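In this text the structure is predicted, and so the values were computed from the model without any measurement. Hydrogens, waters and symmetry mates are skipped; everything else that's a heavy atom, side chains included, is used. Whatever order the structure lists ligands and atoms in, that order sets their numbers, starting from 1.
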Amino acid sequence: MRLNAYLSRAGVASRRKADELIKAGRVTVNGRPGELNTFVAAADRVEVDGRPVAKQPLAYLLLHKPVGVVTTAHDPGGRPTVVDLVPRDPRVVPVGRLDADTTGALLLTNDGDLAHRLAHPRYEVAKVYVADVEGEPSDESIRRLSDGIDLEDGRTAPARARRIGPSRIELTLHEGRKHQVKRMCEAVGHPVRRLHRRAYAGLTLGGLQPGQWRELAAAEVDGLRAAVARTATRTRSARRG
Ligand code: URA
């Protein structure tokens, strides 16, 4: 992660203040002066005014995001945010985004490398949504959702779509475009009334109630790491072709 983000996650200063410290030459990385564009990895030694910055323990939390809470670290409009619902120390940030009116599984972590990979479309992690929609989708609508829909930002990738109630659809996506589920359902004539994410990269909420969170088990964190490593290997070999 960038040096300013590293310093802010370690609780040294806000990102803006961290930039000032860096510009003033008060921050070193492995003994060399840090620059605004310096990237820091887990093994790097960062010092401010010659004093080592304590490494933060890595934290991985799964939140059952409730309605009305925004997926950001700070909302200029003063609305409650997902980080208000989890412990402040160590500071974690959401991976990807759910709309304010969407509920469900949201991962928060301070593991910048894993967060970056999970949020990147290339790594294709599965997101399972349950959408309550207007009207009763036909087999044809379900087929269109799974084959791909032409949206203004391009055609959606093939997805798994199935009807699990007269007006309820389960959609498994490997993309994460803005308002994607709502736009897809709207495009087949069934606007979403309520949207819930049932699973994220294989992580499910279990008995968590809206607003509750849990720490991931070590095996779950290993599973996430393996998922992005596996996908990276597959993508590389597919490219080699
Ligand atoms: N798709 C949406 O439309 N909204 C979300 O919050 C997530 C996926």
Requested in this report: Would you give the length of the straight line joining atom CG of Leu171 to atom CZ of Arg160, rounded to the nearest 0.5 angstrom?
Outcome: 10.5 Å
Query raised in the report: Is there any N or O on Arg177 that sits under 3.5 Å from an N or O of ligand 1?
Result: no
Requested in this report: Could you check Glu20 against Arg16 for salt bridge (charged side-chain N to carboxylate O under 4.0 Å, His left out), going step by step and ending with a plain yes or no?
Outcome: CA-CA 7 Å; Glu20 287 169 17; Arg16 200 175 49 75; 3.4 Å; yes
Requested in this report: Evaluate the side-chain proximity of Arg2 to Leu36: yes if any heavy-atom separation is below 4.5 Å, no if none is.
Outcome: no
Query raised in the report: Thr71 pairs by side chain to side chain contact (heavy atoms under 4.5 Å, CB included) with which of Val83, Val93, Thr81, Leu106?
Result: Leu106
Requested in this report: Mark up the atoms of ligand 1 that fall under 4.0 Å of a heavy atom belonging to His179, in ascending order.
Outcome: 1 (N), 2 (C), 3 (O)
Requested in this report: Report yes if some N/O of Tyr129 lies less than 3.5 Å from some N/O of ligand 1; otherwise report no.
Outcome: no
Requested in this report: Check whether any side-chain heavy atom of Val69 sits under 4.5 Å from a side-chain heavy atom of Leu85, and report yes or no.
Outcome: yes
Report task. Decide whether an N or O pair under 3.5 Å exists between Arg97 and ligand 1. Result -> no
Query raised in the report: Thr102 heavy atoms, cut-off 4.0 Å: which ligand 1 atoms fall inside?
Result: 4 (N), 5 (C), 6 (O)
Requested in this report: Output yes when a side-chain donor or acceptor of Ser138 lies under 3.5 Å from a complementary backbone atom of Ser141, and no otherwise.
Outcome: yes
Query raised in the report: Which atoms from ligand 1 have a heavy atom of Leu195 less than 4.0 Å away?
Result: 1 (N), 2 (C), 3 (O), 4 (N), 5 (C)
Query raised in the report: Nearest protein heavy-atom contact for atom 4 (N) of ligand 1: which residue, which atom, what distance?
Result: Asp99 OD2, 2.7 Å
Query raised in the report: Do any N/O atoms on Val181 end up under 3.5 angstrom from N/O atoms on ligand 1?
Result: yes
Query raised in the report: Taking heavy atoms and a distance under 4.0 Å, where does Val192 meet ligand 1: side chain, backbone, both or neither?
Result: neither
Report task. Count the heavy atoms belonging to other residues, nucleotides or ligands that lie under 6.0 Å from CZ of Arg88, then report whether that count exceeds 12. Result -> no
Query raised in the report: With a cut-off of 4.0 Å, which atoms of ligand 1 are near a heavy atom of Gln180?
Result: 1 (N), 2 (C), 3 (O)
